[in-house]
Number of protein chains: 2
Amino acid sequence: MTQEAVGRDTSRGASDAERVTSRLRQAIVAGEFAPKQRLVETDLIEMFDASRGAVRAALATLAVEGLVERVRNRGARVRAVDLDEALEIVEVRAALESLCAARAAERVDEGGVARLRAIGEVMRAAVDAGDGEAYAQANRDLHQEVMDISGAKVAPDVVKRLRAQNVRYRIRLAMQPHRPTTSLPEHLEIVEAVCAKDPERAAEAMRAHLNSVYEATRDYFAKKG
Amino acid sequence: MTQEAVGRDTSRGASDAERVTSRLRQAIVAGEFAPKQRLVETDLIEMFDASRGAVRAALATLAVEGLVERVRNRGARVRAVDLDEALEIVEVRAALESLCAARAAERVDEGGVARLRAIGEVMRAAVDAGDGEAYAQANRDLHQEVMDISGAKVAPDVVKRLRAQNVRYRIRLAMQPHRPTTSLPEHLEIVEAVCAKDPERAAEAMRAHLNSVYEATRDYFAKKG
DNA sequence: GTGAACAACATTGTTTACAATAATGCACAC
DNA sequence: GTGTGCATTATTGTAAACAATGTTGTTCAC
């Protein structure tokens with residue numbers, strides 16, 4: 001274990017490799033590295049104060065997760081997701097999250113209803129206040145809460161990985177000022193449908209919402225890239 | 001590069017790590033390792049005649065893919081998928097493969113129609129001949145062909161990974177002698193629906209088929225494990 | 001001035017040795 | 001006889017040196 005690195009990190013018992021993996025993943029998802037940007041092992045060693053083994057393990061992990069692209073003897077770089085793939089990801093999310101929404105409507109209890117309604121209120125307030133950051137956070141919370149309530153493991157795992165890949169499009173889409181005007185009612189309908197314990201309606205609400213995300217993404221990025 | 005290992009492998013330009021990953025994955029999916037069986041690095045080094053680095057990289061990759069389970073300082077073992085998770089996987093497959101079936105119905109061309117119909121004939125013949133192995137292979141071919149025709153990348157990738165995790169249940173389910181009696185018509189309906197270029201019907205056929213797989217899996221493994 | 005061969009550099013892939021950790025078995029006290 | 005503590009062993013985690021590969025810049029011939 002490197003002595004200097006001790007206590008540098010939030011997660012306690014994590015090994016060096018796990019620590020680097022987690023922080024590099026976070027950095028990529030947060031957009032701190034541009035797509036196609038090279039990830040030179042030496043730089044990462046310095047940046048995270050870790051050994052090469054740890055850095056290489058992290059790159060291998062993130063390559064399987066689809067965040068990093070590796071070419072033999074030519075190194076690693078941040079994978080660039082093109083528009084077509086981003087749209088496919090939204091389609092897959094629609095299929096899986098609508099499934100989870102239906103399950104959530106079947107299983108939701110009082111606590112879940114309270115948490116969902118609370119998120120809905122936060123969203124309303126964020127839109128009123130024009131606070132895009134708060135709205136974006138509540139958006140993540142809502143999708144996560146629905147999947148938590150569903151009790152499923154497989155679908156949420158897949159969705160989580162896919163969402164990470166799509167971060168570039170999500171960030172820039174959320175920039176649009178009037179986007180909440182469309183998405184707020186959709187989100188509230190998801191909340192209401194799940195709280196009403198109506199699986200069909202919940203699945204349809206989720207599908208409709210992600211269909212709207214699909215169209216917004218497609219139109220906004222149509223020519224740019 | 002180890003000298004003795006040269007030419008031992010099918011894939012030409014693969015590095016040691018890639019070679020070990022691919023062969024270990026294949027071994028696990030083929031059922032050559034029992035679930036929960038320990039994968040000691042030293043043993044794998046000898047088994048595949050590779051360095052520890054290569055073996056460790058392979059274990060890391062397969063851990064992310066969900067085939068291997070790693071515990072810090074306690075090594076790796078083959079991950080055991082329980083029945084609940086196996087059923088979730090079938091549900092997710094239903095959602096994604098029905099999506100792909102619809103896309104396939106929209107995009108299929110003459111060549112695709114020919115290949116699908118050919119697979120259908122192979123299935124019929126296999127059932128007539130009571131050749132379970134041939135039927136299982138045609139089953140894989142059909143699902144793969146539909147996803148190929150769909151032109152999608154994301155959903156098929158996810159499905160492929162999930163199918164690998166479920167191999168234990170698939171293998172044992174296929175053992176049932178009268179299983180093709182149920183599944184053959186379902187498969188043929190998928191073929192016909194896609195060839196008829198009817199997306200709705202294709203999605204519904206795929207959904208119905210995987211629902212049948214779901215029930216068969218649930219009932220067959222209900223008490224056993 | 002342009003192209004090709006070559007040499008120097010940067011970067012990754014591989015191997016070996018070393019350190020740390022958890023599991024195991026044994027001895028000893030009670 | 002049972003349980004606790006310690007020593008041993010098996011196994012993984014980490015680090016550093018070495019080899020191979022790809023890239024870039026330079027020189028020389030034409």
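Fair warning: this is a prediction, and the values are worked out from it, not measured in the lab. Below, chain A is the first sequence line, B the second, and so on; all start at residue 1.
Judged as a side chain to side chain donor-acceptor pair (under 3.5 Å), the pairs with a partner in residues 85-95 of chain B (not counting sequence neighbours) are, in order, R103(A)-E91(B), R79(B)-E85(B), R93(B)-E97(B).
To the nearest 0.5 angstrom, I149(A) atom CD1 is 4.0 Å from L116(A) atom CG.
The environment of E46(A) atom CD is sparse: at most 12 non-hydrogen atoms of other residues, nucleotides or ligands sit within 6.0 angstrom. In the displayed structure, E215(B) atom CD is contacted under 6.0 Å by more than 12 heavy atoms of other residues, nucleotides or ligands.
Under the rule for a ring pair (Phe, Tyr, Trp, His ring centres under 6.0 Å), Y214(A) has no partner lying at least two apart in sequence or in another chain.
Between the CD atom of E18(A) and the P atom of dT21(C) there is a distance of 14 Å, rounded to whole Å.
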Listed pairs, N/O of protein and of nucleotides 10-13 of chain C, under 3.5 Å:
{"residue": "dT12(C)", "atom": "OP2", "partner": "E41(A)", "partner atom": "N", "Å": "3.1"}
{"residue": "dG13(C)", "atom": "OP2", "partner": "R56(A)", "partner atom": "NH1", "Å": "2.5"}
{"residue": "dG13(C)", "atom": "OP2", "partner": "R56(A)", "partner atom": "NH2", "Å": "3.2"}
{"residue": "dG13(C)", "atom": "N7", "partner": "R52(A)", "partner atom": "NH2", "Å": "2.9"}
{"residue": "dG13(C)", "atom": "O6", "partner": "R52(A)", "partner atom": "NH1", "Å": "2.9"}

